[in-house]
Amino acid sequence: MDTSFQRDQLDNQILEALMQDARTPFAELAKRFNVSAGTIHVRVEKMKQAGIITGAQITVNPKALGYDVCCFIGINLKSAGDYPSALAKLDALEEVVEAYYTTGNYSIFAKVMCPSIDALQHVLINRIQSIDEIQSTETLISLQNPISRAVKP
């Protein structure tokens, strides 16, 4: 990863365009920004090498896939040294879609998606709370997600 890379306005414009639609052809971006397609290609490659661009992905609607329950689980560990093994066990659970190592009231804050409250109850009791390294949990059910955006370049 190249940590010396310095973004400029063109890099930021390219990032914004690709964040809106990662499938935008480089030739289209070149026309939009009055540069050559080769320039776009070189800029994107440099941002990949710098670790700014880490991949491209599609976004799916979890509800359309049957995941009707989104919740956040604050997790307290028995000890700080339990973090690596607890994280590995949480990572093995497909319902855990995000996890953060945090300061404050919880050691880990996890985002969990389930098809139903019954499924959430099963995951919580039989899979998450049964992890030996976990002392306690607090579950917050999301009612809606009115703001969801990526960071601005």
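Position 1 is the first residue of the sequence, and the numbers go up from there.
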Inset, instruction - Would you check, one step at a time, whether the test side chain to side chain contact (heavy atoms under 4.5 Å, CB included) holds for I134 with L77? - result: CA-CA 4 Å; I134 293 178; L77 300 175; 4.2 Å; yes
Inset, instruction - Go through the steps to decide whether D8 and R43 satisfy the test side chain to side chain contact (heavy atoms under 4.5 Å, CB included), and finish with yes or no. - result: CA-CA 10 Å; D8 64 14; R43 296 290 187 112; 2.8 Å; yes
Inset, instruction - Walk me through it: do E98 and V112 pass the test side chain to side chain contact (heavy atoms under 4.5 Å, CB included)? - result: CA-CA 7 Å; E98 293 179 33; V112 174; over 6 Å; no
Inset, instruction - Show your working on side chain to side chain contact (heavy atoms under 4.5 Å, CB included) between S116 and D68 and close with a plain yes or no. - result: CA-CA 6 Å; S116 67; D68 289 328; over 6 Å; no
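N12 places no side-chain N or O within donor-acceptor distance of the main-chain N or O of I14, the cut-off being under 3.5 Å. Remark: side-chain polar atoms of K78 are not paired, donor with acceptor, to backbone N or O of Q135 under 3.5 angstrom. With T24 contributing its side chain and D21 its backbone, the two residues share a donor-acceptor pair below 3.5 Å. A side-chain donor-acceptor contact under 3.5 Å links S130 to the backbone of N126.
With salt bridges taken as basic N to acidic carboxylate O contacts below 4.0 Å, none links K89 and D82. Using a 4.0 Å cut-off between a side-chain N of Lys or Arg and a carboxylate O of Asp or Glu, E28 and K31 do not qualify as a salt bridge.
Hydrophobic clustering (side-chain heavy atoms under 4.5 Å, transitive across Ile, Leu, Val, Met, Phe, Trp, Tyr) groups V96 together with Y83. Connection of F72 to M113 is not established within any shared hydrophobic cluster, with ILVMFWY side chains joined at heavy-atom distances below 4.5 Å, either directly or through further cluster members. With hydrophobic clusters built from ILVMFWY side chains whose heavy atoms lie under 4.5 angstrom apart, I73 shares a cluster with L90. Note: the hydrophobic cluster containing I128 also contains I141 (ILVMFWY, side chain heavy atoms under 4.5 Å, direct or indirect links). L143 and V69 are assigned to two separate hydrophobic clusters, defined by single-linkage of ILVMFWY side chains at heavy-atom distances under 4.5 Å.
In the model, N76 has a side-chain atom that pairs as donor or acceptor with a side-chain atom of S136 under 3.5 Å.
Closest approach of A86 to E133, counting heavy atoms only: CB-CB, 3.9 Å. When every heavy atom of P84 is checked against every heavy atom of G81, the shortest pair comes out as CD-O, 3.4 Å. Looking at every heavy atom in both residues, K46 comes nearest to F5 through CB-CE1, 3.7 Å. Smallest separation of non-hydrogen atoms from R127 and L93: NH2-CD2, 3.2 Å. Taking every heavy atom of both residues into account, A37 and A30 meet most closely at N-CB, 3.5 Å.
Distance check: L124 CG to C114 SG gives 9.0 Å after rounding to the nearest 0.5 Å. With rounding to the nearest 0.5 Å, the separation of NZ in K63 from CG in N145 is 10.0 Å. Rounded to the nearest 0.5 angstrom, Q144 CD and C70 SG are separated by 11.5 Å. Annotation: the span from I75 atom CD1 to Q129 atom CD amounts to 9.5 Å, rounded to 0.5 Å. Between the CD1 atom of I40 and the CD atom of E45 there is a distance of 12.5 Å, given to the nearest 0.5 Å. Expressed to the nearest 0.5 Å, how far CE of M47 lies from OG1 of T54 amounts to 12.0 Å.
Residues F33 and L10 meet the side-chain proximity criterion, which asks for heavy atoms closer than 4.5 Å. Looking at heavy atoms from C-beta onward, L18 lies in side-chain contact with L29 at the 4.5 angstrom threshold. Using a 4.5 Å cut-off on side-chain heavy atoms (C-beta onward), V44 and H41 make no contact.
Crowding of Q57 atom CD: a count of heavy atoms from other residues, nucleotides or ligands under 6.0 Å not exceeding 12. Within 6.0 Å of CZ in F109 there are more than 12 heavy atoms belonging to other residues, nucleotides or ligands.
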